[in-house]
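To find a chain, count down the sequence lines: A is the first, B the second, and so on, and within it residues start at 1.
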Protein chains: 2
Amino acid sequence: MTSVENDRRHSRDDVARTALRLLDENGLPDLTMRNIANALEVRPSALYWHFRNKQSLLAAVSGLILAPMADVGTEGLAARASLELLGGRLRDCLLAYRDAAELVSSSLALGLVEPPIVGRPGGGAPADLWRAAATAVMHFVVGYAFHEQQRLAADSLGLLADADGADPGAAAGDRSPADEFSEALTMIAMGFDAAVAQRAVL
Amino acid sequence: MTSVENDRRHSRDDVARTALRLLDENGLPDLTMRNIANALEVRPSALYWHFRNKQSLLAAVSGLILAPMADVGTEGLAARASLELLGGRLRDCLLAYRDAAELVSSSLALGLVEPPIVGRPGGGAPADLWRAAATAVMHFVVGYAFHEQQRLAADSLGLLADADGADPGAAAGDRSPADEFSEALTMIAMGFDAAVAQRAVL
DNA sequence: ACCTGAACACCGTTCAAGT
DNA sequence: ACCTGAACACCGTTCAAGT
């Protein structure tokens, strides 16, 4: 009954969802308060009734991007398997929308969004080790996806390393990004297992 | 003989070094082309003779921040020890200037600066494993330092988790950030070792 | 409760022209 | 080689006022 676009008045959630759509369509640099307001057929100042400032609006968008993480079930899994599953799903969430990794990266750094993975049950592992592993996985996945997504954007613009810029990844051989990603993710998970085993001995 | 500040004409390097000083003094949000130009006693448009745009100027600043990485000697070290040493030194570089982690994070994602660590000799380990480990360490360290540095900035402004924002790190117990950092770093390094050992068996 | 109108104090970038 | 002057096309945010 209630269409998101046709009503003249909006909710906080409408604003965030419209912003997410604009992010995916036009990218983060074009996600301005003025463009969001235009899409909602509203003046920019109206957005400040719903959100304190742009950063908290972006934090709400980050929350939408990370929402599917709540549906990842890890019951019955060993801690290491949870780590790999959650890391993979986090990457999926970030690659699902244009520039999502960059946006989530800054919302996480600002502490404006709940960090994924680390709040999960660690399957009985020592809390500090689980915490360290979850943090390592989160930062790795976000950073990797950020880099990955920028390469996609650059490639789609047809500009490939002109002149004095560095050219990372070109000498990576024939491995796909997904392969390198999961190899690194598995390594962190193995390190977690090794740390747990070492702790058990002491 | 040649002072950086007093001469009327500047080099590309002068500009980058002045920008780094301003970054450290005032933070990334205030690092505008206009402020950089003011510090050099020059009009903003003059900066565009030295740099194609703001992003490439920021990439040069990132290069200065990461420069000490070149002096880290890893000859004679095992691959795992190199990984831990390089990760620790990378953190030192990023924490040495205000907001450096955020700046380097985006320059790395944009591929405008040479990624640290990954270009180093891997001590005879399989190239793909070394590459995955170096990438994991880099993204973890940058992401962790980014988060750490934002907390420092927030704390120095006296605003501690007001209202609906998340509050990460508060339940971490009595472990310092440096402890959690090196625990996670060690875990990645152990995972690298485990992956190498497993590869050797197959 | 939700939005408009109007203003404030800024941005990055281009480019002809100067020396 | 290095910079100025002037302009263009934008930003985020505030706040009194409307309905």
With distance as the sole test, does [X] use its side chain to make a donor-acceptor pair with the main-chain N or O of [Y] at under 3.5 Å?
{"X": "B:T32", "Y": "B:N35", "result": "yes"}
{"X": "A:E102", "Y": "A:F146", "result": "no"}
{"X": "A:D99", "Y": "A:G27", "result": "no"}

Minimum-distance nucleotide to [X] side chain [options: [options]]:
{"X": "A:W49", "options": "D:dC3, C:dC2, C:dC11", "value": "C:dC2"}
{"X": "A:N53", "options": "D:dC3, D:dT13, C:dC11", "value": "D:dT13"}
{"X": "B:R43", "options": "D:dC11, D:dT4, D:dT14", "value": "D:dT4"}
{"X": "B:Y48", "options": "D:dC3, C:dG12, D:dT13", "value": "C:dG12"}

Could you state the [atom1]-[atom2] distance from [X] to [N], rounded to the nearest angstrom?
{"X": "A:L58", "N": "D:dG12", "atom1": "CG", "atom2": "C1'", "answer": "12 Å"}
{"X": "B:K54", "N": "D:dC10", "atom1": "NZ", "atom2": "C1'", "answer": "14 Å"}
{"X": "A:L47", "N": "D:dC11", "atom1": "CG", "atom2": "P", "answer": "13 Å"}
{"X": "A:R34", "N": "D:dT14", "atom1": "CZ", "atom2": "C1'", "answer": "12 Å"}
{"X": "A:M33", "N": "C:dC8", "atom1": "CE", "atom2": "P", "answer": "21 Å"}
{"X": "A:I36", "N": "D:dG12", "atom1": "CD1", "atom2": "C1'", "answer": "11 Å"}
{"X": "B:F51", "N": "C:dG12", "atom1": "CZ", "atom2": "C1'", "answer": "15 Å"}
{"X": "B:H50", "N": "C:dT14", "atom1": "NE2", "atom2": "P", "answer": "16 Å"}

A:R9 (side chain) and C:dC2 (base): donor-acceptor pair under 3.5 Å: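 Yes.
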Output field: ring centroids B:F140/A:F140 closer than 6.0 Å: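 Ring centroids of B:F140 and A:F140 are no less than 6.0 Å from each other.
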Between D:dC10 and C:dA9 - P atom distance, rounded Å: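 The answer is 22 Å between these two P atoms.
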Pair assignment for D:dC10, Watson-Crick or G-U wobble, requiring both distances under 3.5 Å: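 Partner of D:dC10: none found under 3.5 Å.
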Who pairs with C:dG5 - Watson-Crick or G-U, where each distance is under 3.5 Å: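 When the pairing criteria are applied, D:dC15 turns out to be the nucleotide that pairs with C:dG5.
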Touch class at under 4.0 angstrom, heavy-atom based, for B:S45 against every strand present: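 Contact class for B:S45: base.
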Partner of A:R80 under side-chain contact (heavy atoms from CB on, under 4.5 Å), chosen from A:V196, A:D193, A:L85: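 Testing A:R80 for a side-chain contact (heavy atoms from CB on, under 4.5 Å) against A:V196, A:D193, A:L85 leaves exactly one candidate, A:D193.
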A:A46 vs A:D30, nearer the 5' end of DNA chain D by closest nucleotide: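 Closest to the 5' end, via its nearest nucleotide, is A:D30.
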